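Reviewing the structure listed below.
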Amino acid sequence: MATQTNTGANTKTSAHVEGDKFSNEAPNTHSGEGNLLSILWRYMTESIPDKSPNQPLPIQKMQLNPTVDATPMLYKISHSTVLLQLNGQYWLTDPVFSKRASPSQMFGPKRFHELPIELDNIPVLAGIILSHDHYDHLDKYSILALAERTQKFIVPQGVDKHLLAWGVPASKIVALDWWQETQHAGLSFTATPAQHFSGRGITDKNQTLWASWVLQSPELKLFFSGDSGYFDGFKKIGDRLGPFDLTLIETGAYDEMWADIHMQPEQSLRAHLDLRGRHLIPIHNSSFDLALHSWYEPLERIAVAAKAYDVPLLTPEFGQGINLSELAHSPALNHAWWKAYLPKDRTEFEIIPARMSSDKF
């Protein structure tokens with residue numbers, strides 16, 4: 001496996017490029033932009049019940065000790081923002097603390113729950129791991145606020161150009177291509193494939209890479225999906241780097257019109273099985289209205305799929321701490337907190353087979 005510690009990576013050094021843009025492994029992967037008018041029409045005309053909660057969601061306020069102990073911990077803060085305590089250091093994935101996942105705080109998807117911890121209370125970080133440059137994963141406001149107290153930013157190729165433009169020192173940034181690895185503070189990080197796209201404006205589509213990540217400490221091996229459609233890359237990752245003690249898998253913001261780049265919940269379960277994961281935490285849900293499904297549907301469907309395949313599912317409340325050394329003894333973390341907030345006339349979801357990557361669809 002290649003090891004990379006250089007900064008300033010760009011498309012010219014990547015094997016995943018078509019012309020001057022990054023590309024997915026599967027040809028003809030569609031992000032949905034070809035159906036843009038149809039998608040906009042659906043947003044304007046379809047009435048989707050319960051796209052956001054009608055009452056405040058439960059959170060557990062986090063009070064972190066600036067002096068980190070050796071206990072491996074995980075806290076789901078919001079969407080794909082997860083705080084990890086590993087090897088006596090704090091790490092943060094895809095930090096988005098702004099109220100809206102948008103280029104402007106005047107419009108765009110607004111978070112519909114309180115944060116369990118405010119940005120000012122985030123302690124000194126060994127590093128931040130970024131999956132790609134979309135606004136619900138890369139938030140300029142959060143990056144600028146955290147830059148001085150963050151030792152390293154570990155990012156996919158090209159994402160470093162955003163950080164550099166915002167004033168983050170090059171010495172703090174490590175930009176990796178898929179399958180490249182780096183180490184910091186006693187942990188190893190491998191950028192692994194995902195099936196998605198990138199861009200923060202109209203003219204910059206796929207000029208930066210997107211990635212999933214494998215994080216390994218002396219005691220644990222974790223997988224963080226970032227954003228991805230379902231593809232055979234999960235099995236490749238599982239065969240090459242698995243099994244995993246815990247997978248953090250995107251489960252939300254999906255639709256058949258952009259099925260190539262966001263998984264249905266049953267596909268999220270398939271990805272976990274392909275990866276040879278043990279415990280599963282569904283992320284990318286219950287924070288922002290980013291699709292045409294109810295806010296609770298991702299959790300309902302992944303819970304049904306996990307039960308059918310006997311997968312240990314962890315669904316902590318926002319801010320609830322998970323002791324990663326006691327995963328096998330944490331049944332209380334799958335207490336289905338969202339069910340107390342469901343409407344009485346909700347849809348019951350059926351079991352859909354979680355076929356493996358080798359199966360035909």
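Note that the coordinates shown come from a computational prediction; the quantities given were computed from them, not determined experimentally.
Using a 30° and 60° split on the angle between ring planes, His132 and His137 fall in the tilted class, from 30° to 60°. Between Phe318 and His113, the ring-plane angle classifies as parallel under the 30° and 60° cut-offs. Ring orientation note: the planes of Trp295 and Phe112 are nearly perpendicular, at an angle over 60° on the 30°/60° scale.
Legend: residues meeting salt bridge (Lys or Arg N to Asp or Glu O under 4.0 Å) with Glu46, ordered by chain and number and at least two apart, are Arg42. Under the salt bridge (Lys or Arg N to Asp or Glu O under 4.0 Å) criterion, Glu25 pairs with Lys236, sequence neighbours left out. For Asn28, the side chain to side chain donor-acceptor pair (under 3.5 Å) test picks out no residue, with sequence neighbours left out. With sequence neighbours excluded, no residue forms a salt bridge (Lys or Arg N to Asp or Glu O under 4.0 Å) with Lys99.
Side-chain contact annotation: Tyr230 with Glu266, donor-acceptor N/O pair under 3.5 Å absent. In the model, His134 has no side-chain atom that pairs as donor or acceptor with a side-chain atom of Asp227 under 3.5 Å. Glu297 and Asn285 are not linked by any side-chain donor-acceptor pair at a separation below 3.5 angstrom, with hydrogens and angles left out of the test. Side-chain polar atoms of Ser131 and Asp94 form a donor-acceptor pair below 3.5 angstrom.
If you take CZ on Phe223 and CG on Leu215, they are separated by 10.0 Å, rounding to the nearest 0.5 Å.
Taking 4.0 Å as the cut-off between side-chain N and carboxylate O, Arg200 and Asp133 do not count as a salt-bridged pair. A salt bridge is defined here as a Lys NZ or Arg NE, NH1 or NH2 lying under 4.0 Å from an Asp or Glu carboxylate O, and Lys76 with Glu317 fails to meet this definition. Contact check on Asp274 versus Arg270 returns no salt bridge, with no Lys/Arg side-chain nitrogen under 4.0 Å from an Asp/Glu carboxylate oxygen.
Among Leu313, Leu74, Leu222, Thr315, the single residue meeting the side-chain contact (heavy atoms from CB on, under 4.5 Å) criterion with Ile281 is Leu74. Of the residues His262, Lys205, His196, the one that meets the side-chain hydrogen bond (donor to acceptor under 3.5 Å, both in side chains) test with Ser31 is Lys205.
Listed by first and then second residue, the salt bridge (charged side-chain N to carboxylate O under 4.0 Å, His left out) pairs that reach into residues 55-66 are Lys61-Glu114, sequence neighbours excluded. Listed by first then second residue, pairs satisfying salt bridge (charged side-chain N to carboxylate O under 4.0 Å, His left out) with a partner in residues 244-253 read Asp245-Arg278, not counting sequence neighbours.
Residues Phe234 and Ser228 form a side-chain contact, since some pair of their non-hydrogen atoms from C-beta on lies under 4.5 Å apart.
Not a single donor-acceptor pair under 3.5 Å links the side chain of Trp178 to the backbone N or O of Ser212. Ser98 places no side-chain N or O within 3.5 Å of a backbone atom of Arg100 that could act as its donor or acceptor partner.
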Tyr141/Gln105 under side-chain contact (heavy atoms from CB on, under 4.5 Å): CA gap, chis, key distance, verdict
CA-CA 10 Å; Tyr141 165 75; Gln105 291 303 294; over 6 Å; no
After noting the C-alpha distance and the side-chain angles of Ile77 and Ile117, does the key distance pass the side-chain contact (heavy atoms from CB on, under 4.5 Å) rule?
CA-CA 7 Å; Ile77 294 176; Ile117 187 171; 3.9 Å; yes
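Annotation: Phe197 is not in aromatic contact with Trp258 [ring centroid separation under 6.0 Å not met].
Both Leu86 and Ile322 belong to a common hydrophobic cluster when Ile, Leu, Val, Met, Phe, Trp and Tyr are linked at side-chain heavy-atom distances under 4.5 angstrom.
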